[in-house]
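Counting starts at 1 for both ligands and their atoms, in listed order. This chain uses plain numbering: 1 for the first residue, then up along the sequence.
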Amino acid sequence: MHDSLLRRTFLAVSYPVLIAAELKGLLEADQLATLDVTWLPADQEIPKGDWVAIVPLLSRWVGGTQLKHLPNLRIVANCAVGYDNVDVVAAEMRKVIVTNTPDVLTDATADLTWTLILACARRLVEAIDLVRSGRWDGWHPELLLGVELRGRTLGLFGAGRIGQAVGRRAVPFGLRIIYAARTAKPDFERDTGAVRVDWTRLLAESDILSLHAPSTPETKGIVNGDALRCLKAGAILVNTARGDLIREEALAIALEEGRLGAAGLDVYADEPAIHPRLRAAPRTVLLPHIGSATHDTRRKMAAIAVANVQAVLKGEPPLTPVFR
Ligand code: NAP
């Protein structure tokens with residue numbers, strides 16, 4: 001009797017939610033308590049229905065049409081820090097809360113950014129290819145010479161959580177740091193000696209330009225042909241932010257013409273497609289969007305996304321709303 005009462009009570013507060021099926025292995029049963037989960041695979045459209053929450057991957061567009069199909073929706077808990085896959089204006093109009101997963105992925109993404117910086121500077125892909133090909137014929141004083149980092153300038157476009165974490169890691173490498181952001185970062189400047197500059201100076205002075213701003217109408221396509229022509233000859237471009245910050249064909253041309261030293265990319269404008277000219281361009285390190293891909297971080301991201309759902313459904317404020 002007692003059990004059945006408990007069961008009825010449990011069922012009474014069982015909220016219907018949609019969660020990306022790909023997150024199943026990262027979540028524990030207790031995190032899903034009170035949730036009646038429908039697991040939604042990435043290749044399936046969002047169904048029409050009474051779901052009160054959705055936890056999508058960053059690859060799923062959640063726009064006005066999708067929101068219209070979910071009239072009872074109270075929260076979109078995006079499993080990423082970027083939320084350019086969600087129409088936040090449409091959500092706001094429907095009084096749907098949007099949350100993301102900041103902070104927990106900062107270190108993993110900053111580490112991967114450094115993986116790309118070092119791989120570009122020291123020509124890692126060419127070196128691995130040479131060894132694998134069997135054509136390496138021994139030590140040579142001029143074999144695969146790269147770029148010495150000490151004394152060079154690292155330019156950060158965007159100096160929020162990840163941009164600053166990348167900058168802080170640059171200090172022991174002996175790099176000078178400049179950054180462009182909408183607001184000054186006095187603590188970051190004090191700790192690292194970083195200097196805030198405008199976009200024009202950032203392009204002109206960076207030996208390595210690393211992108212850490214979100215995809216917005218202001219930043220989309222900001223690294224276009226003109227911007228690339230303003231970079232120093234031989235500069236390295238790294239992008240672990242969002243692919244559409246860069247015009248990929250213009251980047252491919254800059255690499256083909258030898259104007260750019262190298263490009264290290266984790267993200268692309270039309271994932272998983274990569275502009276064919278960019279895929280074929282020389283001196284690239286191309287990764288499949290793995291900035292936050294560590295066991296610890298991916299578990300934490302899934303946990304925060306679901307914790308946001310639990311909070312909102314309990315009538316509490318979300319933990320990490322995209323707008324405060
Ligand atoms: P964040 O803390 O919000 O930092 C974003 C930075 O961009 C801020 O410094 C912001 O300036 C700056 N910014 C925004 N608009 C700008 C503009 N128009 N001009 C100049 N600066 C601008 O975000 P985060 O946590 O560091 O993440 C950054 C981005 O990385 C995310 O949006 C996401 O897309 C991407 N990301 C990718 C991966 C991956 O797997 N590759 C993983 C995590 C994140 P203010 O500080 O002045 O506002």
Residues [X] and [Y]: side-chain donor-acceptor under 3.5 angstrom:
X	Y	result
Thr109	Ser292	no
Tyr179	Glu189	yes
Gln310	Thr34	yes
Asn78	Asn85	yes
Thr106	Arg161	no

Give the contacting part of [X] toward ligand 1: side chain, backbone, both or neither, where contact means a heavy-atom distance below 4.0 Å.
X	value
Thr219	side chain
Arg182	both
Val267	side chain
Asp266	side chain

* To do: Using non-hydrogen atoms of the residue, decide whether Pro102 is closer than 4.0 angstrom to ligand 1.
  =>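 Flag not set, Pro102 not near ligand 1.
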* Asked: Would you call Thr216 a ligand 1 contact, heavy-atom distance under 4.0 Å?
  -> no
Minimum non-hydrogen distance to [atom], winning option of [options]:
atom	options	result
atom 43 (C) of ligand 1	Leu58, Ile290, Thr109, Leu211	Thr109
atom 40 (O) of ligand 1	Met301, Gln164, Arg161, His289	His289
atom 24 (P) of ligand 1	Val322, Leu116, Ile162	Ile162

Salt-bridged, [X] to [Y], with N to O below 4.0 Å?
X	Y	result
Arg259	Glu257	yes
Arg190	Asp187	yes
Arg169	Asp107	yes

Atoms in ligand 1 flagged as close to [X], the criterion being non-hydrogen separation under 4.0 Å:
X	result
Thr240	35 (C), 36 (N), 37 (C), 38 (C), 39 (C), 41 (N)
Phe157	19 (N), 20 (C)
Ser292	40 (O)
Lys185	45 (P), 46 (O), 47 (O)
Arg242	33 (C), 34 (O), 35 (C), 36 (N), 37 (C)
His212	5 (C), 6 (C), 7 (O), 28 (C)

Starting from [atom], what is the nearest protein heavy atom, named by residue and atom, and what distance separates them?
atom	value
atom 44 (C) of ligand 1	Val81 CG1, 3.2 Å
atom 12 (C) of ligand 1	Gly158 CA, 3.8 Å
atom 35 (C) of ligand 1	Ala241 O, 3.5 Å
atom 21 (N) of ligand 1	Ala181 CA, 3.6 Å
atom 8 (C) of ligand 1	Gly160 N, 3.7 Å

* To do: Look at the aromatic rings of Tyr83 and Phe323 and report parallel, tilted or perpendicular, splitting at 30° and 60°.
  =>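 The rings of Tyr83 and Phe323 stand perpendicular, inter-plane angle above 60°.
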* **Crowding at CG, Asp198 (>12 non-hydrogen neighbours, <6.0 Å)** =>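 Buried by this count: over 12 neighbours within 6.0 Å.
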* Asked: Counting heavy atoms not belonging to Glu148, are there more than 12 under 6.0 Å from its CD?
  ->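 Counting other residues, nucleotides and ligands, CD of Glu148 stays at 12 neighbours or fewer.
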* **Shortest non-hydrogen contact from His212 toward Ile162** =>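 Heavy atoms of His212 and Ile162 come nearest at ND1-CG2, 3.6 Å.
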